[in-house]
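Side chains are part of it too, since the values below use all heavy atoms of this structure and drop only hydrogens, waters and symmetry mates.
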Amino acid sequence: MLWTSSCRPLTFARISPPFLSSFRGLKQVTARLGSLPSRNVHTTHGGLQVRSRILSYLPSGPTGLWTSKRPLSGVVSKRPTFDPRFFSSHATPATTELPVLSPPPVAMWLLTSSALVFAVIVVGGVTRLTESGLSITEWRPVSGILPPLSQRDWEEEFDKYKRTPEFKLMNHSMTVQEFKEIFFMEWGHRVLGRIIGLGFVIPLTYFAVRKRLTATMPKQLFGMALLLGAQGALGWYMVKSGLEDSLMETPGAVPRVSQYRLAAHLGTAFVLYAGMFATGIATLMDWRFAKRGEWAGLKESEGAWRSVVNNPLVKTFARNSKALTALVFATALSGAFVAGLDAGLLYNEFPLMGGRLAPPADELFSPAYAKKLDGSDIWWRNIFENPTTVQFNHRCLAITTYTCTALLYASARNPALRAVLPPMARRMVKSAFVMANIQVLLGISTLLYLVPISLAAAHQAGSVALLTTMVHLLVSLRRPGVAAQAWRQAASQVKTATKPT
């Protein structure tokens, strides 16, 4: 009950609390309040008499502003606002505007984009495994979206392929029909890349123009868009390395793309995937926190999340999780060198290599790979260009990654840490350990069975899945965004102000 300066009671009994507690209600109420005249009144709230400003004109009746049958119909505001004058004793004339909070459609768009990047990584792996990547000898970003449509077009495309080192050294007996099979594999990979680009840039432009992106997101997302464009150019730069005529002059050379460029291409795809996925999950978590007070599986966690993220045990766990995520990324990147050098076709046994834990030192660091007369480049060239050393390094990284994942999972089961970790973090660390076991089994099977396409593709997909669980774990330990905190605080104040005394 409020009392005006003329001592006449003024009730808000007809306000619908569920409506006020929603974001749309908050947005519409505060927008209308700021545009109507007001006067100073006194109200009693929680035993404390507060002097504040309220509306001097409150239309009543069936069509009034405060009727529950027609709550604030027709009131529209382009930007959500929140007037602290209505809920505090500080009757200042200024109105604080809430920051933009990205809605769930933004999160769904980002997660869909990350799923498409996941798919293109797997398709790219199959393209490499089927030796289809060098079948298209030109890069035509626009016209290349259409495959050859007539027999004459196919003959022309096949003639271009006949001039490549791969055809001359390996596929000189290939027919047009066989060429079509590898062509469509590479063509599908490129078309999927174009779909990802358009499916990312067009919605990004729409959300940016409509101001649906949180303040920190535009720079990040436009950076991803630029990286997507660079990824297409990097893919062609990689393919071009396998079309060079110099391969014909190198004794024993095998027509394939540069392992350095392959690793850069795959690494960029991993970065794009992790960025899209993490941003999408974070956006969804911020919305749930702002709307329902949920954070990382904790209910009504408006203040609980601070005690969690500031806990020394959780801080240590978060640092270890970040280090493990970097290790997972490095292990996956080393797999690109294994694929680029066909190193998986050597030493098809595990855990030994040639009957011993490690190959001989003169094989791991062979002088044949050094190109400088003084041999000063023998170390790094063997690490990145010697198939034996590359496979050995990948094994060591994989074993280290598995061990660290098991240790992180074991630490999460410690009663002291388990008591403070949010539910989502506990689920994700368990998922990471399960995925690490699956990935190890896939890697060993791929090696023992001489790299069959199905197992090798599953192994590459497993690396993305393991990275997914680690990225999700990191996001589950992040603080709610500034915009989400502001919205949650505003909603809490409205809920408190409308609560009956």
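- Of the possible polar contacts, none joining the Arg212 side chain to the Pro105 backbone as a donor-acceptor pair under 3.5 Å is found.
- Met224 is not listed as a side-chain neighbour of Leu204, based on a closest heavy-atom distance of 4.5 Å or more.
- Between Ala436 and Leu466, the shortest heavy-atom contact is N-CD1, 4.0 Å.
- Of the possible donor and acceptor atoms, one in the side chain of Arg488 sits under 3.5 Å from a partner among the backbone N and O of Lys291.
- Atom OH of Tyr206 has 12 or fewer neighbouring heavy atoms from other residues, nucleotides or ligands inside a 6.0 Å radius.
- A donor-acceptor contact shorter than 3.5 Å is absent between the side chain of Glu186 and the backbone of Leu134.
- Rounding to the nearest 0.5 Å gives a distance of 3.5 Å between OG1 of Thr401 and CG of Leu327.
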Test log, rule side-chain contact (heavy atoms from CB on, under 4.5 Å), inputs Leu324 and Asn320
CA-CA 6 Å; Leu324 180 55; Asn320 293 337; over 6 Å; no
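- A donor-acceptor pair under 3.5 Å is absent between the side-chain atoms of Trp287 and the main chain of Ala484, judged by distance alone.
- Taken from CZ in Phe289 to CG in Leu101, the straight-line distance is 11.0 Å, to the nearest 0.5 Å.
- With contacts defined as side-chain heavy-atom distances shorter than 4.5 Å, the pair Arg190/Trp139 qualifies.
- Rounding to the nearest 0.5 Å gives a distance of 10.0 Å between CZ of Phe384 and OG of Ser334.
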Indicate every side-chain donor-acceptor pair of residues 227-234 with a distance under 3.5 Å to a residue at least two apart or in another chain.
residue : atom : partner : partner atom : Å
Gln231  : OE1  : His265  : ND1          : 3.3
Gln231  : NE2  : His265  : O            : 2.9
Gln231  : NE2  : His265  : ND1          : 3.4

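- Using a 4.5 Å heavy-atom cutoff, the side chains of Phe270 and Val328 are not in contact.
- Aromatic ring centres of Trp187 and Phe179 lie farther apart than the 6.0 Å criterion allows.
- Two residues are said to be in side-chain contact when any heavy atoms from C-beta on lie closer than 4.5 Å; Leu408 and Phe433 fail this criterion.
- A ring pair (Phe, Tyr, Trp, His ring centres under 6.0 Å) with Phe200 is found for exactly one of Phe207, Trp109, Phe222, namely Trp109.
- Across all non-hydrogen atoms, the minimal contact from Leu298 to Ala304 is CD1-CB, 4.5 Å.
- For Pro147 against Phe184, the heavy-atom pair with the smallest separation is CB-CE2, 3.9 Å.
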Passes salt bridge (Lys or Arg N to Asp or Glu O under 4.0 Å), Glu156 versus Lys160? Steps please.
CA-CA 7 Å; Glu156 291 179 357; Lys160 296 175 185 177; 5.9 Å; no
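- Between the side chains of Gln177 and Glu181, no donor-acceptor pair is found at a separation under 3.5 Å.
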Run the side-chain contact (heavy atoms from CB on, under 4.5 Å) test on Met108 and Leu284 for me, step by step, so that the C-alpha distance in whole Å, both residues' side-chain angles and the decisive distance to 0.1 Å come before the verdict.
CA-CA 8 Å; Met108 295 299 103; Leu284 202 58; 4.0 Å; yes
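- We find the OG-CZ distance between Ser476 and Arg426 to be 10.5 Å, quoted to the nearest 0.5 Å.
- Between the CZ atom in Arg256 and the CG atom in Asp342 there is a gap of 5.0 Å [rounded to 0.5 Å].
- The backbone N or O of Ile182 sits less than 3.5 Å from a side-chain atom of Ser135, completing a donor-acceptor pair.
- To the nearest 0.5 Å, atom CG of residue Asn437 and atom CG of residue Leu442 are 11.0 Å apart.
- Between the Thr130 side chain and the Thr127 main chain, a donor and an acceptor come within less than 3.5 Å of each other.
- Of all heavy-atom pairs spanning Val126 and Ala457, the tightest one is CG2-CB, 3.8 Å.
- Taking the six-membered ring for Trp and thresholds of 30 and 60 degrees, Phe337 and Tyr260 have ring planes more than 60 degrees apart, a perpendicular arrangement.
- Side-chain N or O atoms of Trp487 include one that pairs as donor or acceptor with a backbone N or O of Pro99 at under 3.5 Å.
- With a 4.5 Å cut-off on side-chain heavy atoms, Leu111 and Ile281 count as touching.
- Within the 4.5 Å cutoff, side-chain heavy atoms of Arg479 are placed close to those of Asn310.
- Inter-residue side-chain proximity for Met217 and Val106 is flagged as met; some heavy-atom pair is nearer than 4.5 Å.
- Using modelled atom types, one side-chain atom of Gln460 and one backbone atom of Ile121 make a donor-acceptor pair closer than 3.5 Å.
- Contact record, Leu262 with Val257: CB-CG2, 4.3 Å, taken as the closest heavy-atom pair.
- Side-chain contact check for Arg140 versus Ile145: every heavy-atom pair is 4.5 Å or farther apart.
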Kindly indicate, with the supporting measurements, whether the criterion ring pair (Phe, Tyr, Trp, His ring centres under 6.0 Å) is fulfilled by Trp154 and Tyr161.
CA-CA 11 Å; Trp154 278 113; Tyr161 179 67; over 10 Å; no
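- Side-chain contact, Thr214 with Ser102: a donor N or O sits under 3.5 Å from an acceptor N or O.
- Side-chain contact, Ser258 with Tyr237: no donor N or O sits under 3.5 Å from an acceptor N or O.
- Residues Pro422 and Val308 come closest through the heavy atom pair CD-CG1, 3.8 Å.
- The environment of Lys180 atom NZ is dense: over 12 non-hydrogen atoms of other residues, nucleotides or ligands sit within 6.0 angstrom.
- Checking Thr283 against Asp286 by side-chain atom types alone, no donor-acceptor pair falls below 3.5 Å.
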side-chain contact (heavy atoms from CB on, under 4.5 Å), that's the test. Do Leu477 and Leu421 meet it? Break it down for me.
CA-CA 9 Å; Leu477 296 173; Leu421 275 181; 4.1 Å; yes
Take Val123 and Met185 through the side-chain contact (heavy atoms from CB on, under 4.5 Å) test and state the conclusion after the steps.
CA-CA 8 Å; Val123 171; Met185 194 72 241; 3.9 Å; yes
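- Distance alone, capped at 3.5 Å, places no donor-acceptor pair between the Arg128 side chain and the Gly133 backbone.
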